[in-house]
Protein chains: 2
Amino acid sequence: MDNNSVILVCALQLFSQKGYNAVGVQEIVDAAGITKPTLYHYFGSKRGLLDSLLAEYMTGFFRVIEPAAEYDGDITNTLNKITFAYFNYAQKHKQFYRLALSSWFAPPDSEVFNAILPYMQRQQKLMEGIFLNAAKQHGNMKNRHEVYAYAFLGMINTYIGIALNGVTKIDDNTVYRVVHHYMHGIFS
Amino acid sequence: MDNNSVILVCALQLFSQKGYNAVGVQEIVDAAGITKPTLYHYFGSKRGLLDSLLAEYMTGFFRVIEPAAEYDGDITNTLNKITFAYFNYAQKHKQFYRLALSSWFAPPDSEVFNAILPYMQRQQKLMEGIFLNAAKQHGNMKNRHEVYAYAFLGMINTYIGIALNGVTKIDDNTVYRVVHHYMHGIFS
DNA sequence: TTTAAAATATACCATACGGTATAGTCATTG
DNA sequence: CAATGACTATACCGTATGGTATATTTTAAA
């Protein structure tokens, strides 16, 4: 593996575990077995490293999410597809999803929040598109697409958080239950 | 207002806006119009300041939450009470709730996460108690209380997040809708 | 085989960090 | 009045921070 990739791997591990601000550049290059100038040659700055890291993983993330988020006429089925895609990616890239979640909830003037903001807005728009389409068939959804999208993403991330913290596991049955809960509540 | 309180107010403002690690002690004392020895006299360390801050607000928080979380025989009604208590406190102390949310989702080895962990576990236990009680009347809830509690807290925090980010507002109607969504799904 | 560019190391910079030793100030109390 | 203890300012400590000037090695093309 070339140094560029080694740095990304080590940085992801450290950032997701201790937080961006608590990790020094020296710590990263030590973990990667290189020296500072090498890191600065590839990424220009610590912030540049964070941006590259997010760009790298988010590209693969949206490549999975966006096809899954095409409304197929059945809202339940569509939400199942998306949820499965999210769970799948989060499970395959736990460290990255941890970093993404912590960045999304980070303080508004923090670097990590501003670094991840555009990617989160893109997800939000993607979800809103689904509920806008669904509203054509389900009139009571009208003008609520923004909150629906936000709440659905929140629910997905809640369950991914449960899984990442080891409270429960993610399997096909979990996906069904989460969407069913979102659609029909806790009892049915 | 005495210096102790001024420091707490300034620290909360800065921590919630920029993040604990991104705020220096010097920045806090400048904002408070004092000098470092004063801060260290009252709080001993930067971490001690964070702990005092959380203890201060969490005391008031649980004084509101815990009475609201007493199961009254009707699960829907109980969840309404709790949700109202949460929304009410979050709205009254937006900066604190922002800090709490970002700390809860912070990386596992970060200081803020470990500082807030016990308070979050206390909330989790509180919620589990409700669902354990409700399971006596609703058999299908059995052995799910852990996940139910986590998911309910996740949903509450999702909607508080929506409100804190200005997407929607929190009023009595929102409380009803959130609990209704949790209990009966998106359509009904 | 020369040459140029990409990649990497040594050693360093200015600054900011969390924290403290010392010297008071000031109100309360005996 | 004397003295005590809570409180606060000046000035400083060692260390770690993000970042870089310079020099050297490696790689690949001409």
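Here is the naming used below: chain letters follow the sequence lines, and residue numbers restart at 1 for every chain.
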Inset, instruction - Find which nucleotide of DNA chain C each of K46(B) and P37(B) is nearest to by heavy atoms, and output the residue with the more 5' nucleotide. - result: K46(B)
Legend entry - Beyond-backbone contact of K46(B) with L50(B), side-chain heavy atoms, under 4.5 angstrom: no
Legend entry - Aromatic ring pairing F131(B)/Y182(B), orientation class (parallel under 30°, perpendicular over 60°, tilted between): tilted
Inset, instruction - In whole angstrom, give the distance that lies between atom CG of D2(A) and atom C1' of dT26(D). - result: 15 Å
Inset, instruction - Take the protein atom CG of D30(B) and the nucleotide atom P of dC17(C), then report the distance between them rounded to whole Å. - result: 10 Å
Inset, instruction - Ignoring backbone atoms, establish whether S45(A) has a side-chain N or O less than 4.0 Å from OP1 or OP2 of dG18(D). - result: no
Legend entry - Length of the line joining I28(A):CD1 and dT8(C):C1', which is rounded to integer Å: 18 Å
Inset, instruction - Could you tell me the separation between the CZ atom of F43(A) and the P atom of dT20(D), rounded to a whole number of Å? - result: 16 Å
Inset, instruction - Give a yes or no on whether the ring-centroid distance for H180(A) and Y176(A) is below 6.0 angstrom. - result: yes
Inset, instruction - Using whole Å, report how far CZ of R47(B) lies from C1' of dG18(C). - result: 15 Å
Inset, instruction - Consider the side chain of T35(A), meaning its heavy atoms from C-beta on, and name the nucleotide among dG19(D), dT20(C), dT10(C) that approaches it most closely. - result: dT10(C)
Legend entry - Spacing between Q26(B) atom CD and dA9(D) atom P, to the nearest angstrom: 12 Å
Inset, instruction - Return the value, rounded to whole Å, for the distance between atom NZ of K36(A) and atom C1' of dC12(C). - result: 10 Å
Inset, instruction - Whole angstrom is fine here: how far is it from NE2 in H41(A) over to P in dT26(D)? - result: 16 Å
Legend entry - Phosphate OP1/OP2 of dT8(C): any Y42(A) side-chain N/O under 4.0 Å: yes
Inset, instruction - Could you check N21(A) against N3(B) and say which one's nearest nucleotide on DNA chain D is further toward the 5' end? - result: N3(B)
Legend entry - Sugar-phosphate only, base, or nothing, as touched by V23(A) at under 4.0 Å among non-hydrogen atoms: sugar-phosphate
Legend entry - From dT8(D), dG18(D), dT8(C), nucleotide with atom closest to Y40(A) side chain: dG18(D)
Inset, instruction - Determine the interplanar angle of the F96(B) and Y57(B) rings, folded into 0 to 90°, and report it as parallel if under 30°, tilted if 30 to 60°, perpendicular if over 60°. - result: parallel
Legend entry - Presence of salt bridge, K81(B) and E70(B), under 4.0 angstrom: no
